[in-house]
Each structure stands twice: as structure tokens, then as C-alpha cells.
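Quick note on labels: first sequence line is chain A, next is B, and so on, each numbered from 1. Note that the coordinates shown come from a computational prediction; the quantities given were computed from them, not determined experimentally.
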There are 2 protein chains.
Amino acid sequence: MISAPAPEEFNDRQNEVLASALRLVVEGGEKALTTAALARAANCSKESLYRWFGDRDGLLAAIVAHQAAKVRVPHESAERMTADAFRARLVTFAEDLLTVLAGETSLALNRLAISQTSREGAALGRLLLDRGRGRIAERARDLLRAGQAQGHIACDDMTEAYRTLYGLIVRDQHGRWLLGESPDGARDGFAAHARTAIDQFLTLYRATGTPRDQENTPAGAL
Amino acid sequence: MISAPAPEEFNDRQNEVLASALRLVVEGGEKALTTAALARAANCSKESLYRWFGDRDGLLAAIVAHQAAKVRVPHESAERMTADAFRARLVTFAEDLLTVLAGETSLALNRLAISQTSREGAALGRLLLDRGRGRIAERARDLLRAGQAQGHIACDDMTEAYRTLYGLIVRDQHGRWLLGESPDGARDGFAAHARTAIDQFLTLYRATGTPRDQENTPAGAL
DNA sequence: GTGCAGCCGAACCGTACGGTACGGTACACA
DNA sequence: TGTGTACCGTACCGTACGGTTCGGCTGCAC
């Protein structure tokens, strides 16, 4: 069981320690994060670690929460956009998404949460899902909603549309990266692929009366 | 370092033990797979485990190799297809892909390989990538190539086309499942979503002279 | 000053796990 | 019948790690 996911904030010293912890995880994976190693790296005592975070699971949760807390999604203002501006905003979103997912911090945290799953609870995964991807999805849905309101795209289910958008942007790359393939090779092509993906997305969801648009609403999708 | 990824086959007894090992991993994650627990579950001695698989890493590699070895992709015959038959074959592929990825064995193995990544090597991830996803991708590319040869779709880069197909089918679901979200809710919608995804794919890649088709060939994609 | 709280660093404890060694059994083969 | 091989089950060893305790230092309240 994971101790309370800490809705309360941590103080400066504690955040500093969490930053050290995150660095350990990024560099050496979960097994590099021993309490002794963290105490040494952060110049603090194990006693303090246990006082602040409860136990090791609490520490893991705090690391994820700490990092998730600094996810700051740029607010997508809903002001009037031309079709090109809308497209440009989507391309920017796509580039941002790929950049985040390819980042070693994101990858390390995802690996950490995934390896903690399976054991009943999956609290870390939920945390990452809600506070990480959730925020990003929210931003994208706002943007899509604005595009829909202004007639740039036609769709009734923003969540469905977002999932399609995500799929076109990310494809199988996140999985490959998680399994150890280096994102470096792909990183050069982020901008180019972002444009391609958005073109594809707009082809599917463009509002110019393409007859297939009604089909893009499957039934029981989670 | 992981001992030789065993190109040689294992005998029946060893395969039996590997099946037990896989069951342990599926049920309890990596940390449930202790040598003692496996010896007990498989009614074998720890001594035999070390004789057969070298060390724990070798055992993990053997588990992955063992499971990957039974990936049998139905051969996609390239005989003449109508457009509808081609579409149906794609839908079947999509359903198969979702069913495999949502399976607890696949999820457990992916979690195992992902949690082993980060530490230099990532041999398990490579194994899974090559012998798991690779086979599936190969099957899909064969099918796409046949469709292309018979004029059902237009694209010059099968790998790019396959990645788009994968993205449209899987979207963000694999990641969510890996993080602990239950596939059960989505499972009912597999068939419906498979059809939707294939419709979208065909919209993008249909050969009927849609002018956007040339754009589907980004530059530096990995 | 005295007392107290928070913290560091190090020593300590218990245990779980990877890996090894050994005794005992079944079976093949001569 | 003797010898060897492969195996099981168990006991064993060493260590690494989670978690606790303690002594000592600093700073603050009074």
C-alpha cells in the first residue's frame, strides 16, 4: 500500500532530495534508487527519508508527484484562429508531445511506474496517467474543441478525436523507446513527422463535408 | 550482462519450467519470480535452474525467448483480393493486434522487459522488439505490400504506412494498459474500433487519387 | 545559559534473495 | 552389480537492502 499521495506540498529541502532521487532513477533505473544511495547523493540521513516519505513506496510516489507537479501545459487560448493557425497549433502540440515522451525523465518515470504495476494497486501508474498524460490530453482537447467551434474540424467526441491524434503522432514510438530503443535517431524527424501527422489528422477530421466523418465514433472505447 | 540469448532450443522439461516462470511473472510481476519460488512452482531444484539458464538474467532472457518463439503469425497469402477482402484482412489484423497487446502475457512480458531496460544493455527489450513486434510488423507489411501491388492503397514506404496503421489501431491504449488500466473495458469495443481504424487508414492511403497521398512520407523517421 | 526540535551520519538489525554445495534417488548403461 | 548422470530437495552462505536506533551537531525559544 502506498502512503497518502501527498496532496500537500513538500518543502524546499524535500524537493531538493526528490530531485536527487529523480536523477538516480533517470541514471540507473529503479534499482539504483536505494535509500542508502539517495541519502548519500542528497546528503541527508535515511532517518529523514523515512520521516518525510514514510517508506520506499511513499518515496516513489513522492518522486512521481513531485515531477508531475511541474507539468505546466501552456494554456490553449480559444481566440479566433485561421485554419492555418489552427494547424500550426496542432503541429506545435505534436512536437511538444514527442519531445516530452522522448525525454529521459519521462521515460524513466514511465518505466518506474510500469515496473511497479502488476502488483495490486498500480497507484503510481494511476498517478502518472492522471497528472501527466491527463493534463496533456486536456490541453489537446481544449485546442480541438476550439477548432471544432470555429469550424476547422468536425467531430462530436473530443476524446475519440484526441486518441486518434495521439496515435497518428506517437504511433509505436513510445513503446519502442520504453523498450530501450534510442529516441535520438527519431528526434531529428520530430518536426517533419509532426507536420505529417497533423496533415493526416486534418484529412480525417476536416470539416469540409467528407462523408466518412460520421464513422469516427466507435462504441465502447474506454 | 545477459548470457547467450539461446538460439538453441530448450528441451521439454526446460520449457515446462519456463512456462511456470512465465505464469509467476504474469501473476506477480518480476519480483514474484525468485529462484526459490520458481523451483517450488516448477518442482525443480535451484541447482537445475542455474545449470540450465546460467543466472537470473539468463532465466529472464529464456522466458522472453521461449514465449517469443511461439509467436506464430498467420501467413498473409498474397493472392488476388477484392478491395473489401483487403479491408477485411486489415480489420482482422487490427483485432489480432489489439487482442495480443491486451493479453496479460504480453503485458507482463512488456513490463518485465521495460523494467529491465535503463540498465545498459536492454537486451530483453531488443529481444521483444525483434521477435515479438517485429514479426507482427512483418506480417502487416506483407499484407500492405499485397494491397499496394493490387492497387488498393498507394504508398511507397511500407514501414511508414505500417507505423501509421499501428498508431490508428493502438493509439494510447498500450501505454495505458502498461500503466495498470484494465483492458477489460475496451475489449468489447475491439471489433468496432478495428473497423474504424481501418476506415481511417484507408482514407489516408486509398489509391483513388486523393491529392494528399504524397505527403505521407516524412523524412527522418526512425 | 537550558531545553528542545530537526537533522546528519554511521552503526545496527532482520530478512529476502541470488547463488552454491551436498545428500539422496531414479535411471541408463555396461 | 557397479558406475555415471541428471535431477530433486534442502540446507547453507554472503550480501544487499529496507528500516530502526543512537550519538552528536546546529539553531532556535525561552
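With a 4.5 Å cut-off on side-chain heavy atoms, B:L112 and B:L33 do not count as touching. Two residues are said to be in side-chain contact when any heavy atoms from C-beta on lie closer than 4.5 Å; A:Q148 and A:D156 fail this criterion. Taking the side chain as every heavy atom from C-beta outward, B:S20 and B:L38 approach each other to under 4.5 Å. Taking the side chain as every heavy atom from C-beta outward, B:R133 and A:L179 approach each other to under 4.5 Å. For the pair A:Q200/B:L168, no side-chain contact is recorded, criterion being any heavy-atom separation below 4.5 Å from C-beta on. Residues B:V26 and B:L107 are not in side-chain contact: their nearest non-hydrogen atoms beyond the backbone lie 4.5 Å or more apart.
Taking atom CD on B:E16 and atom P on D:dC7, their separation rounds to 12 Å, with Å as the unit. In this structure, A:N11 atom CG and C:dG6 atom P are separated by 12 Å, rounded to whole Å. For the pair B:L49 CG and C:dG19 C1', the computed distance is 11 Å after rounding to whole Å. Atoms CG (A:L59) and C1' (D:dG19) sit 13 Å apart, rounded to a whole Å. Residue B:Y50 contributes atom OH, which lies 17 Å from atom P of D:dC13 at whole-angstrom precision. One interatomic measurement links the two molecules: CZ of B:F10 to P of D:dA6, which rounds to 17 Å at whole-angstrom precision. Residue A:R40 contributes atom CZ, which lies 21 Å from atom P of C:dC7 at whole-angstrom precision. Look at NZ on A:K31: it is 15 Å from C1' on C:dC17, rounded to the nearest Å.
Using cut-offs of 30° and 60° for the angle between ring planes, the B:W177 and B:F190 rings count as tilted. Taking the six-membered ring for Trp and thresholds of 30 and 60 degrees, A:F10 and A:F53 have ring planes more than 60 degrees apart, a perpendicular arrangement.
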Report all interatomic pairs (protein N or O, nucleotide N or O of nucleotides 25-28 of chain C) with separations under 3.5 Å.
none

Would you tabulate the nitrogen or oxygen pairs shorter than 3.5 Å linking the protein to nucleotides 21-28 of chain D?
unit_1 : atom_1 : unit_2 : atom_2 : d
D:dC22 : N4     : A:E47  : OE1    : 3.1

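A:T34 has no side-chain polar atom (N or O) that falls below the 4.0 Å cut-off from OP1 or OP2 of D:dA16. The phosphate of D:dC8 (OP1 or OP2) has a side-chain N or O of B:R13 nearer than 4.0 angstrom. For A:W52, a side-chain nitrogen or oxygen approaches OP1 or OP2 of C:dC7 to under 4.0 Å. Taking 4.0 angstrom as the limit, A:S45 places none of its side-chain polar atoms (N or O) nearer than this to OP1 or OP2 of C:dA10. Checking the phosphate oxygens (OP1, OP2) of D:dC7, a side-chain nitrogen or oxygen of B:R51 falls inside 4.0 Å.
Within 6.0 Å of the CG atom in A:D184, the count of heavy atoms belonging to other residues, nucleotides or ligands exceeds 12.
Comparing C:dC8, D:dG18, C:dG9 by their nearest atom to the side chain of A:N43 picks out C:dG9.
Between A:L33 and B:C44, the residue anchored nearer the 5' end of DNA chain D, judged by the nucleotide with its closest heavy atom, is B:C44.
With respect to B:E138 and B:R141, a salt bridge is recorded, a charged nitrogen being found less than 4.0 Å from a carboxylate O.
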